[in-house]
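Read the structure below first, then the notes.
In each ligand, atom 1 is the first atom listed, and ligand 1 is the first ligand listed. Note that the numbering runs from 1 along the sequence shown for the chain.
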Amino acid sequence: MFRVLKFGGSSVAGATRMSRVLDIVENEVLKGRIILVSSAISGCTDALLSGRKEDVAEMERRHREIVKRLFTGAERSDVQAQLDAIFAALRSSPFEEQVTFGEILSTTILACKLCAEGYDVKWLDSRDLVVKGDEPQTFRLIKEAIDGSDARIFVAPGFICRTAEGAVSTLGRGGSDYSAALYAAATGAEALQIWTDVPGIMTADPRRVPAARTIPGISYESALEMASHGAKVLYAPTVKPAMEAGIDIQILNSFNPEGKFTLVSATPNGSRWIGLASEGGRIRLVGAPGRESAPESSVTDVLRECGIAALNIRQDGSSIELEVREAVLNQALNALHRAFFQELPVKDIPLFLAGNGAVAKALTEVIEESAETVKERTGKHIRIVGISDSRHWGIDLGGRPKLENEGDFIAAVIENAPKGALFVDVTDSESLYKFYVQLLTAGIGIVSSNRRSIAVPYVEYAAMLSAARENGVPLRYETTVGAALPVLESISRGTNSCNRLLSIEAVVSCTLNQILGDYRGGGESFASLVRKAQEAGLTEADPRLDLGGRDALRKLLILSREAGVQLEEEDVKIEPVVPKELFQGSLDHFYEGLSALEPRLSKEAIEAERQGFRRRFVASLDLAPDGSYSASIGIRNVAPVHPAYHLRGTENAIIIRSAFHPYPLVIQGPGEGAREAASSILSDILR
Ligand code: ADP
Ligand code: ASP
Ligand code: MG
């Protein structure tokens with residue numbers, strides 16, 4: 001029984017590689033007789049086809065070098081003499097025949113080397129045995145040649161043949177694979193091995209898709225489909241003779257003989273998608289035969305996600321064929337490969353959630369709804385493993401916690417937190433922040449939407465930051481200012497790159513924006529608008545907290561600190577909307593007082609409107625000429641050129657001026673809403 005081994009051009013490209021081929025042959029010959037089929041050394045066929053004298057001379061130099069390194073003494077001069085004769089024949093042949101000499105050169109060297117090693121070797125001239133387009137005749141001739149010899153190893157050039165009329169010819173580019181299959185089929189070989197420079201047929205061309213992986217088993221049919229659509233690791237005509245003779249094809253890596261390889265056989269590989277083949281700008285997503293439901297639309301979606309429009313997409317049996325511009329071919333292949341062939345390892349993020357208000361509820365929903373997308377886009381999976389309200393809590397690391405326990409949630413979190421766990425504070429607790437350092441020190445990262453936890457005295461804030469840094473865990477609180485608007489990130493980017501901050505103007509009170517926006521001085525009274533906002537749940541339980549500017553104060557502290565300014569509450573000059581006296585006593589007392597203020601407020605509003613201004617509640621931080629910062633909060637009249645002039649409803653605007661730019665950075669958009677907050681928290685979790 002024979003074993004047929006075919007080596008491609010890069011497997012025989014130099015003396016070292018040829019030695020590796022000889023090692024493989026020496027190992028295989030222990031199992032039985034061998035037919036070794038070889039390509040020309042890499043680059044040789046191209047050089048001969050170019051017809052340039054200097055290219056041929058370069059080939060002669062490379063072959064001479066190989067001989068010099070593989071042989072010594074008399075053997076060396078003998079082999080070199082043979083090569084000289086072949087080059088002489090090459091140069092005196094008609095141009096169309098010159099291309100056939102590459103395989104003669106490489107196989108001559110291999111045969112001589114095996115001979116020198118003491119094997120009984122016979123070189124076969126494929127030009128006499130392989131008849132183009134006539135397989136039965138080819139099989140007869142090969143059998144005859146082999147039957148007449150006892151050699152242990154036959155060495156035959158791939159690629160070359162003759163026509164039925166007797167002219168020297170070739171089997172087409174890449175044709176050595178086919179030569180090997182013909183030798184195997186003719187002799188009923190027990191093995192057909194194609195040794196190349198990659199570990200078998202892969203899910204895509206590894207030169208284009210670095211993440212491509214070896215397909216361990218593939219049917220003749222699918223291998224043929226991959227090969228005919230551009231996977232040149234196997235020359236398509238190779239499949240038919242092997243399949244008809246019932247011979248499996250092994251495709252192996254000569255650079256790593258013990259490594260992964262592909263077995264092409266009658267057995268299908270079981271998966272829905274086989275691989276990606278490409279040629280020019282054409283891509284074929286090869287599907288397993290018999291599975292016709294090919295979701296064309298998901299291919300289009302994957303490409304659209306990376307900004308590529310597929311031209312001419314169509315379903316062909318269980319495969320999908322499409323075309324893209326060649327410039328984006330690699331990008332398209334990699335995106336499709338990621339989507340159809342890569343199982344991303346999913347990273348688990350265990351989450352302890354403190355708070356059970358509207359934001360907590362929205363966050364739970366958003367996490368659930370976005371789970372699939374999050375997994376696909378980031379490879380992460382968020383699992384809520386602990387929840388708490390102000391009195392009860394529950395932990396279930398499996399991800400189904402229920403509120404039930406009394407006692408210390410934080411202690412239980414620290415005790416149970418798996419690696420990589422995050423603590424999410426969506427409460428409006430004034431005291432929860434006291435546990436932040438403890439949590440961070442225990443290696444638990446924190447995501448907070450609770451500005452009461454961040455707008456704390458500066459020393460405490462600094463302690464949290466350093467606990468986070470020292471323990472390599474995150475402390476993120478983007479949601480505390482402007483909900484989903486990327487405010488803090490924008491400020492810290494500037495500050496971290498030493499862009500000196502000149503000023504921040506923050507129009508961040510949703511409540512006051514709404515009320516001041518609606519108040520004209522003439523129509524509905526200020527007190528009535530405040531009451532309406534309170535009833536709509538737009539204010540804190542006690543609306544005086546909003547009017548007093550405390551909420552804006554907290555936001556200003558957070559903004560300033562993000563810019564590296566160590567602001568404390570006392571540093572901020574607050575001009576409340578209503579006088580201090582109204583802040584004591586009952587809510588009824590407050591509303592009465594507010595009604596009494598109506599004439600003054602109305603006059604101010606009408607006057608502002610007359611001058612073309614709008615009234616906005618602005619928290620600002622300004623750089624003074626002496627290098628210090630001053631901070632203030634109060635109602636300002638803004639002109640139409642001011643970015644905050646056009647704010648609608650509860651919109652927020654943050655206007656940042658810095659030394660690098662003559663114009664400010666303006667961040668404007670929805671500043672509130674449970675879902676906005678939830679989506680912002682989610683992105684902090686995933687960051
Ligand atoms: P040889 O010289 O050994 O015949 P080829 O250059 O003809 O080698 O074929 C191997 C090359 O095929 C690989 O280097 C690889 O770039 C390319 N190729 C294209 N598609 C695939 C695929 N799906 N799997 C493996 N290799 C592929
Ligand atoms: N040497 C030929 C080519 O480069 C045949 C082969 O390598 O398979 O196309
Ligand atoms: Mg090839």
**Whether Gln80 side chain and Val67 backbone form a donor-acceptor pair below 3.5 Å** = no

**Request:** Look only at interatomic distance and state if Asp177 has a nitrogen or oxygen under 3.5 Å from any nitrogen or oxygen of ligand 2.
**Result:** no

**Message:** Below 30° counts as parallel, above 60° as perpendicular, anything between as tilted: where do the rings of Trp195 and Phe7 land?
**Reply:** parallel

**Asked** In terms of residue, atom name and distance, what is the protein heavy atom nearest to atom 24 (N) of ligand 1?
**Response** Met202 N, 2.8 Å

**Message:** Which of the numbered atoms in ligand 2 are under 4.0 angstrom from any heavy atom belonging to Ser39?
**Reply:** 6 (C), 7 (O), 8 (O)

**Prompt:** Between Lys31 and Glu190, is there a salt bridge with N-O shorter than 4.0 Å?
**Reply:** no

**Request:** Would you check if Asp147 and Glu144 make a side-chain contact, meaning some heavy-atom pair closer than 4.5 Å?
**Result:** no

**Asked** Does Gly175 come within less than 4.0 Å of ligand 2, judged by its heavy atoms?
**Response** yes

**Message:** As an exercise, identify every atom of ligand 2 less than 4.0 angstrom from a heavy atom of Glu103.
**Reply:** 1 (N), 2 (C), 5 (C)

**Message:** Looking at Asp177 and Lys6, is any side-chain nitrogen of the basic one under 4.0 Å from a carboxylate oxygen of the acidic one?
**Reply:** yes

**Complete:** Quick note on ligand 1: atoms under 4.0 Å from a heavy atom of Gly200 include exactly 24 (N), 25 (C)

**Request:** Give the residue, atom name and distance (to 0.1 Å) of the protein heavy atom nearest atom 14 (O) of ligand 1.
**Result:** Arg207 NH2, 2.8 Å

**Prompt:** Does a salt bridge link Arg140 with Asp134, judged by any charged N lying under 4.0 Å from a carboxylate O?
**Reply:** no

**Asked** Who gets closest to atom 1 (P) of ligand 1 by heavy atom: Thr196, Val286, Val12, Thr203?
**Response** Thr196

**Request:** Considering the heavy atoms of Ser176, write down every atom of ligand 2 situated less than 4.0 Å from one of them.
**Result:** 5 (C), 6 (C), 7 (O), 8 (O)

**Item:** Sub-4.0 Å heavy-atom approach of Gly158 to ligand 2
**Value:** no

**Asked** With a 4.0 Å cut-off on heavy atoms, is Gly9 touching ligand 1?
**Response** yes

**Complete:** for atom 15 (C) of ligand 1, nearest protein heavy atom and its distance come out as Asp205 OD1, 3.3 Å

**Message:** Taking distance alone, with N or O pairs closer than 3.5 Å, would you say Gly174 contacts ligand 2?
**Reply:** yes

**Request:** Could you establish whether Ala204 and ligand 1 come within less than 4.0 Å of each other, counting only heavy atoms on the residue side?
**Result:** yes

**Request:** Provide, to 0.1 Å, the distance between atom 12 (O) of ligand 1 and the closest protein heavy atom, together with that atom's residue and name.
**Result:** Val233 N, 3.4 Å

**Complete:** Closest heavy-atom approach to atom 4 (O) of ligand 1 among Lys232, Lys6, His229 is made by Lys6

**Message:** With a 4.0 Å cut-off on N to O distance, would you call Arg33 and Glu28 a salt bridge?
**Reply:** no

**Ion pair check, Arg173 and Asp46, cut-off under 4.0 Å** = yes

**Prompt:** Can we say Asp197 and Arg207 salt-bridge, meaning some charged N sits less than 4.0 Å from an Asp/Glu carboxylate O?
**Reply:** yes

**Request:** Would you check if the side chain of Ser126 reaches a backbone N or O of Val130 as a donor-acceptor pair within less than 3.5 Å?
**Result:** no

**Item:** Salt-bridge contact Arg284-Asp316 (side-chain N to carboxylate O under 4.0 Å)
**Value:** yes

**Request:** Only heavy atoms count here, so choose which of Lys6, Lys232, Arg173 is nearest to atom 4 (O) of ligand 2.
**Result:** Arg173

**Prompt:** To the nearest 0.1 Å, how far is atom 10 (C) of ligand 1 from its closest protein heavy atom, and which atom is that?
**Reply:** Asp197 OD1, 3.4 Å

**Request:** Indicate yes or no for a side-chain donor-acceptor contact from Ser222 to the backbone of Ser219 under 3.5 Å, with no hydrogens or angles considered.
**Result:** no

**Request:** Go through ligand 1 atom by atom and flag the ones less than 4.0 Å from a non-hydrogen atom of Ile201.
**Result:** 24 (N)

**Request:** Give yes if a backbone or side-chain nitrogen or oxygen of Ser11 is under 3.5 Å from a nitrogen or oxygen of ligand 1, and no if not.
**Result:** no

**Pro206 neighbourhood, listing ligand 1 atoms whose heavy-atom distance to it stays under 4.0 Å** = 25 (C), 26 (N), 27 (C)

**Asked** When you check the gap from the basic side-chain N to the acidic O, do Arg61 and Glu58 get nearer than 4.0 Å?
**Response** yes

